[in-house]
*Asks:* 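Pasting a structure below so you can have a look.
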Amino acid sequence: MLNIPYLCSMKNRNYLFLISLVSAMGGLLFGYDWVVIGGAKPFYEVYFDIAGSASMQGWVMGSAILGCLCGVMVSGSLSERFGRKPLMIVAAFVFLVSAIGTGMVDSVTWFIVYRLVGGVAIGIASNLSPMYIAEVSPSAIRGRFVSIYQLAIVLGILGAQVANWLIADPILDGENILATWNGQMGWRWMFWAETLPALAYFVLVFFIPESPRWLANQQQYDRAEKILTNIGGADYAKQEVAAIKFAAGSSTEKGSFKQLWEGKMLKIVVIGIVIAAFQQWCGINVIFNYAQEIFSSAGYGVSDILFNIIITGLTNVVFTFIGMYTVDKLGRRALMVFGSIGLAFIYALLGACFYFEIRGIAVLLLVMAAIATYAMTLAPITWVVLSEIFPNKIRAMAMGVATFALWTACFVLTYTFPLLNKSLGASGTFWLYGVVCLLGFVFIKKNLPETKGKSLEQIEKELTTPKPLEQ
């Protein structure tokens, strides 16, 4: 197998980078849309008069997750039928509608509706963007390019944090928020700021090609070969199309949802579901969602908390770059194993800090260590693995199932943290997450194959072909 034909020209490399970058913009909007509501929260809650209603606050914050689940459910089957590109166009348009609509509304009901709409876009993007990049990238650099998606997410998160900070006017002690610019218009501009990248994504996605592997699965081999030629040259294109044909065999049957649960596919889907859920249940997103509570428990004041949140955001970005650099060198399995056992160790220390009431810089350093470990391992590598391990014919549907599991796990994590924190305390909660990480370590060590440097068709063959019995 030829692994490095993508080096044939600068034109090929630039083309691959540009189409991957456009696809990854779905991740940028995902990160921004997911975090921007946190900065707007103190203002829209006063505007809509829900500051005293815990149930409404929770519904507003959680509505996007419900939208995500809906987006994931429809994107898998629809992208298998119509292709990856049309669904990404839909996601871009929905992001644009959500950004404009959320900032325009004057009732909490319509605010929730547009948050649901934004969640649908997040669900579609989280399913299709990493899968599309995996399907266009040569095997030797696929991990690095799929990781661009995770980098886009963390840049979107950081962008939302910075935008919220720049847009909001300082609030004086005792000032009536509803009477301020923040309370009337500031929170709206936090959402409207998303329209610029959403519009750019919507325009640019029209100029990227359809996934060549989806085209090949539709027997449109000439179109697939033309796109693959632009990515890696003529020899590379012929080799890849031949590999896709060989993997498909003589069958022209379309992939079906039923096939996900038959034969060896069942184990592959279970691996995908567990890894997707583990990325959330490892607990790191609690630090982002409940940073104020965690740092407050560690003895930090409000101004220090805001500064610490920026530090954690920058840490997230820096170590995502490290993950991108190492994924095709050290391998997916090695980084996932390191991440799970590393987080278990850090959580043990973090729980001890809360148990023995050790406050201040020690907690901040451990939080940064946890985010750094997650950012270079579980965060980007999960998307890489999920985009690689499923066979071509049913990749979108299987990816949809795994991504649905990821968002369900995200909802469970977000919902249960306040309950766990109240019943177990911060120390017990982090120790529990440490146990989850140990279980994840055992599962990954036992079940996850290494996919570094292998074509998608080679991975499919290794995972789905029965091993010969030993003599």
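Predicted model, so just to flag it, every value in this text is computed and none were measured. Any value given below was found using the heavy atoms of this structure, including those in side chains, with hydrogens, waters and symmetry copies removed. One-based numbering along the sequence shown.
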*Asks:* What orientation do F430 and Y347 show, parallel under 30°, tilted 30 to 60°, or perpendicular over 60°?
*Replies:* tilted
*Asks:* Just checking, any donor-acceptor pair under 3.5 angstrom between side chains of T451 and E388?
*Replies:* yes
*Asks:* How about L463 and P449: do any of their side-chain heavy atoms sit closer than 4.5 Å?
*Replies:* yes
*Asks:* Heavy atoms only: give me the nearest N127-M399 pair and the separation to one decimal.
*Replies:* OD1-CG, 2.8 Å
*Asks:* Going through the checks in order, is the side-chain contact (heavy atoms from CB on, under 4.5 Å) test met by I271 and F443?
*Replies:* CA-CA 9 Å; I271 291 174; F443 181 87; 4.3 Å; yes
*Asks:* So does G123 get a backbone contact from the side chain of W407, meaning a donor-acceptor N/O pair under 3.5 Å?
*Replies:* no
*Asks:* Is it true that atom CH2 of W165 has more than 12 heavy atoms of other residues, nucleotides or ligands lying nearer than 6.0 Å?
*Replies:* no
*Asks:* Would you check if the side chain of S98 reaches a backbone N or O of F95 as a donor-acceptor pair within less than 3.5 Å?
*Replies:* no
*Asks:* Is the terminal nitrogen or CZ of K329 (NZ for Lys, CZ for Arg) located under 6.0 angstrom from the six-membered ring centre of Y325 and within 45° of that ring's axis?
*Replies:* yes
*Asks:* Rounded to the nearest 0.5 Å, what separation is found between the CG atom of L16 and the CZ atom of R142?
*Replies:* 12.0 Å
*Asks:* With heavy-atom distances below 4.5 Å as the criterion, would you say the side chains of W214 and K85 are in contact?
*Replies:* no
*Asks:* For the atom pair CZ (R333) and CD1 (I444), what is the distance rounded to the nearest 0.5 Å?
*Replies:* 9.0 Å
*Asks:* So how far is it from W431 CH2 to Y355 OH, rounded to the nearest 0.5 Å?
*Replies:* 6.0 Å
*Asks:* For side-chain contact (heavy atoms from CB on, under 4.5 Å), just list the numbers for L438 and I341, CA-CA rounded to whole Å, side-chain angles, deciding distance to a tenth of an Å, and then say yes or no.
*Replies:* CA-CA 6 Å; L438 283 177; I341 197 67; 3.7 Å; yes
*Asks:* Spell out, as yes or no, whether a donor-acceptor pair under 3.5 Å connects the side chain of E460 to the backbone of I389.
*Replies:* no
*Asks:* Just by distance, do the side chain of S387 and the backbone of V384 share a donor-acceptor pair under 3.5 Å?
*Replies:* yes
*Asks:* Work out which heavy atom in F411 is nearest to a heavy atom in I65; give both atom names and the distance.
*Replies:* CB-CG2, 3.6 Å
*Asks:* Under a 3.5 Å distance rule, please check whether D169 uses its side chain to pair with a backbone N or O of N182 as donor and acceptor.
*Replies:* no
*Asks:* Do the side chain of S23 and the main chain of S20 share a donor and acceptor less than 3.5 angstrom apart?
*Replies:* no
*Asks:* Which heavy atom of G143 sits nearest a heavy atom of D328, and at what distance?
*Replies:* N-OD1, 3.2 Å
*Asks:* Could you please spell out the steps behind the side-chain contact (heavy atoms from CB on, under 4.5 Å) verdict for L378 and L343?
*Replies:* CA-CA 10 Å; L378 301 182; L343 282 176; 3.7 Å; yes
*Asks:* Measure across T382 and I275 and return the closest heavy-atom pair with its distance rounded to 0.1 Å.
*Replies:* CG2-CG2, 3.9 Å
*Asks:* Quick one: CE on M368 to CD1 on I361, what's the gap to the nearest 0.5 Å?
*Replies:* 8.0 Å
*Asks:* Start with the C-alpha distance between S340 and F278, add both sets of side-chain angles, then the distance that settles side-chain contact (heavy atoms from CB on, under 4.5 Å), and finish with yes or no.
*Replies:* CA-CA 9 Å; S340 54; F278 177 54; 3.7 Å; yes
*Asks:* Taking the side chain as every heavy atom from C-beta outward, state whether Y132 and I208 have any atom pair closer than 4.5 Å.
*Replies:* yes
*Asks:* Does any N or O in the side chain of Q279 come within less than 3.5 Å of the main-chain N or O of A379, such that one atom is a donor and the other an acceptor?
*Replies:* yes
*Asks:* Taking the six-membered ring for Trp, are the ring centroids of F111 and F48 within less than 6.0 Å of each other?
*Replies:* yes
*Asks:* Do W34 and C410 make a side-chain contact, defined as non-hydrogen atoms from C-beta onward lying under 4.5 Å apart?
*Replies:* yes
*Asks:* State, with a plain yes or no, whether a side-chain heavy atom of L116 is found less than 4.5 Å away from one of L66.
*Replies:* yes
*Asks:* Looking only at atom types and distance, does a side-chain atom of W383 sit under 3.5 Å from a main-chain N or O of Q150, one as donor and one as acceptor?
*Replies:* no
*Asks:* Could you grab the distance from atom CD1 of I268 to atom CG of N447, nearest 0.5 Å is fine?
*Replies:* 12.0 Å
*Asks:* At what distance, to the nearest 0.5 angstrom, does CD1 of I148 lie from CG of L28?
*Replies:* 13.0 Å
*Asks:* Under the 3.5 angstrom rule, does the side chain of R188 hit a backbone N or O of V105 as a donor-acceptor pair?
*Replies:* yes
*Asks:* Do you know the tightest heavy-atom contact between M131 and A396?
*Replies:* SD-CA, 3.5 Å
*Asks:* How are the rings of Y149 and F30 set to each other: parallel, tilted or perpendicular (split at 30° and 60°)?
*Replies:* tilted
*Asks:* So, T180 side chain and I177 main chain: donor-acceptor pair closer than 3.5 Å or not?
*Replies:* yes
*Asks:* Testing W187, W192, F191 one by one against W189 for a ring pair (Phe, Tyr, Trp, His ring centres under 6.0 Å), which residue passes?
*Replies:* W192
*Asks:* Counting C-beta onward and ignoring hydrogens, is there a side-chain heavy-atom pair between L350 and Y433 closer than 4.5 Å?
*Replies:* no
*Asks:* Do D33 and R115 have side-chain heavy atoms sitting under 4.5 Å apart?
*Replies:* yes
*Asks:* Please tell me if the side chains of F321 and L151 come closer than 4.5 Å, counting only heavy atoms from C-beta onward.
*Replies:* yes
*Asks:* For E240, is there an ion pair with R213 - N to carboxylate O distance below 4.0 angstrom?
*Replies:* yes
*Asks:* Measure across A398 and L260 and return the closest heavy-atom pair with its distance rounded to 0.1 Å.
*Replies:* CB-CD2, 3.7 Å
